[in-house]
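Report on the structure given below.
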Protein chains: 2
Amino acid sequence: MRLPVRRAAEVCPVEVAVSILGGTWKLTLVKHLTAGPLRFGQLGRRVPAANRKTLTRALRELEEDGVVHRDVHAEVPPRVEYSLTALGGTLAPIVEAMDSWGADYAARLAADPLQGRGSSRSA
Amino acid sequence: MRLPVRRAAEVCPVEVAVSILGGTWKLTLVKHLTAGPLRFGQLGRRVPAANRKTLTRALRELEEDGVVHRDVHAEVPPRVEYSLTALGGTLAPIVEAMDSWGADYAARLAADPLQGRGSSRSA
DNA sequence: CAGCATCCTTTATGATACTG
DNA sequence: CAGTATCATAAAGGATGCTG
């Protein structure tokens, strides 16, 4: 459903960013990683609504897109640390802008529960 | 597939923004409307890759979410103008941030065509 | 012109259970 | 612990044709 990055690039630069970051949980994951590297389980506890498979897929795609680095430690039990790449670090302004906009939007919803469609899209 | 806004709000503010703006074409439409109101056909010509139905749906959802205003003129032939609401106008920083990030990303791709997955997601 | 109706395909996301 | 495998489902996005 999401545009391939190269095709998005032919349309509009914003669409490139959307195709890489638009997936559910992806920007939330990036946001949490902004504070520093986290293990798979730690990320999972920070985003309980996402199951392991979904989480794995999102992280793999972010990795393929060069946003996230995956560090597998050869230990038992396994330890896998995720961190932002240099490119991923450049997402900070986007994360901040969307975080504050989303917070404002949520505040409006709370103030006027009748506004917006709110439940027209499932999970 | 996309989270309902209210559920997203329980997870993370960034997820609220993603649920509203994450759909294909949506941020591109907002970007074009930043320059001023546009008619349906004008928007379509600016985003030729999206067909009428997809365009209509995206605009309706943006309208329901309070980002876009739809102005139907009682004329023949019909004239429908889309514009940003006040709330939609507050998206400018996000649009700018994602536009420049996407442009940088596309430039990297062009410089090193082997990087990224680029075609792992269809349209 | 700006849509809507219909039908279709893809795939994102999830539930659940198993494994090195 | 950090996954993978399998199966299921809804919904996003699209093609095409009709209409006030």
Side-chain angles (χ1 to χ4, degrees), chain A residues 1-4 7-8 11 15 18-29 37-65 68 70-82 117 119-123, chain B residues 1-5 7-8 11 15 18-29 37-65 68 70-83 117 119-123:
Chain A
M1 256 119 183
R2 228 151 277 299
L3 286 172
R7 198 150 110 62
V11 178
E15 215 55 50
V18 169
S19 79
I20 293 173
L21 307 169
T24 318
W25 314 127
K26 284 189 177 177
L27 258 190
T28 300
L29 290 171
L38 287 172
R39 300 178 58 172
F40 182 81
Q42 294 178 311
L43 279 170
R45 262 168 263 125
R46 279 164 179 75
V47 194
N51 64 30
R52 281 191 305 273
K53 175 167 183 179
T54 304
L55 217 54
T56 300
R57 238 182 346 228
L59 287 165
R60 288 292 149 76
E61 291 184 0
L62 288 171
E63 187 189 2
E64 287 170 45
D65 286 328
V68 157
R70 180 164 171 265
D71 199 1
V72 184
H73 297 261
E75 304 173 1
V76 176
R79 179 162 63 96
V80 179
E81 275 198 343
Y82 291 90
R117 48 212 176 89
S119 57
S120 62
R121 286 179 281 199
S122 74
Chain B
M1 253 110 189
R2 230 153 274 300
L3 285 172
V5 174
R7 197 151 110 63
V11 177
E15 215 55 50
V18 168
S19 79
I20 293 173
L21 307 169
T24 318
W25 315 128
K26 284 189 177 177
L27 257 190
T28 300
L29 290 170
L38 287 172
R39 300 178 58 171
F40 182 82
Q42 294 177 311
L43 278 170
R45 263 168 264 125
R46 279 162 178 78
V47 194
N51 65 30
R52 283 189 306 272
K53 174 168 184 178
T54 304
L55 217 53
T56 300
R57 236 181 347 224
L59 286 165
R60 288 293 150 77
E61 291 184 359
L62 287 171
E63 189 189 2
E64 288 170 44
D65 286 329
V68 157
R70 181 164 170 265
D71 200 0
V72 183
H73 297 261
E75 304 173 3
V76 176
R79 180 161 62 96
V80 179
E81 276 197 343
Y82 291 90
S83 56
R117 48 212 177 90
S119 56
S120 60
R121 286 179 282 197
S122 76

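Chain A is the first sequence line, chain B the second, and so forth, proteins listed ahead of strands; every chain is numbered from 1.
- Taking every side-chain heavy atom of A/Y82 into account, D/dG3 is the closest of D/dA2, C/dG14, D/dG3.
- For the pair A/K26 NZ and C/dT13 C1', the computed distance is 12 Å after rounding to whole Å.
- Per the geometry, CG belonging to A/L55 stands 17 Å off P belonging to C/dT16, to the nearest Å.
- A/R2 has its CZ atom 13 Å from the C1' atom of C/dT10, to the nearest Å.
- The listed nucleotides are C/dC4, C/dA12, D/dG13; the one nearest the side chain of B/T54 is D/dG13.
- Within the structure, every side-chain polar atom (N or O) of A/T56 is placed at least 4.0 Å from both OP1 and OP2 of D/dG3.
- What separates CZ of B/F40 from C1' of C/dA2 is a distance of 6 Å, to the nearest Å.
- Between B/H73 and B/V80, the closest side-chain pair of non-hydrogen atoms is not below 4.5 Å.
- One can place CG of A/L59 at 8 Å from P of D/dG3, the figure rounded to the nearest angstrom.
- Of the candidate nucleotides C/dC1, C/dG3, D/dG3, C/dC1 has the atom lying nearest to any side-chain atom of B/R39.
- Inter-residue side-chain proximity for A/R7 and A/E15 is flagged as unmet; no heavy-atom pair is nearer than 4.5 Å.
- Nearest heavy-atom pair, B/V11 versus A/A49, reported as atom, atom and distance to 0.1 Å: CG2-CB, 4.3 Å.
- Expressed to the nearest 0.5 Å, how far CG of B/L21 lies from CG of B/L62 amounts to 7.5 Å.
- B/T54 places none of its side-chain heavy atoms less than 4.5 Å from the side chain of B/T24.
- Which of D/dG14, C/dA2, C/dT13 sits closest to the side chain of B/W25 comes down to D/dG14.
- The main-chain N or O of B/V72 is never found under 3.5 Å from a side-chain atom of B/E81 such that the two would form a donor-acceptor pair.
- Among the atoms of the strands shown, base atoms are found under 4.0 Å from some heavy atom of A/R57.
- With axes fitted over five pairs at each extremity, the angle between the ends of the helix from C/dC1-D/dG20 to C/dG20-D/dC1 is 60° (10° resolution).
- Listed by residue number, the members of residues 42-52 of chain A with any heavy atom below 4.0 angstrom from DNA chain D are A/R52.
- Summarising the geometry, the separation between CD on B/E81 and P on C/dA2 is reported as 9 Å, rounded to the nearest angstrom.
- The side chain of B/R60 places an N or O atom within less than 4.0 Å of a non-bridging phosphate oxygen (OP1 or OP2) of C/dG3.
- Remark: B/R7 is not in phosphate contact with C/dT13, judged by side-chain N or O atoms under 4.0 Å from OP1 or OP2.
- Considering only the side chain of A/K53, C/dG14 comes nearest among D/dG13, D/dA2, C/dG14.
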Can you give the donor-acceptor pairs under 3.5 Å from side chains of residues 39-47 of chain A to other protein atoms, not counting sequence neighbours?
{"unit_1": "A/R39", "atom_1": "NH2", "unit_2": "A/P78", "atom_2": "O", "d": "3.4"}
{"unit_1": "A/Q42", "atom_1": "OE1", "unit_2": "A/R39", "atom_2": "N", "d": "2.7"}
{"unit_1": "A/R46", "atom_1": "NH1", "unit_2": "A/Q42", "atom_2": "O", "d": "3.1"}

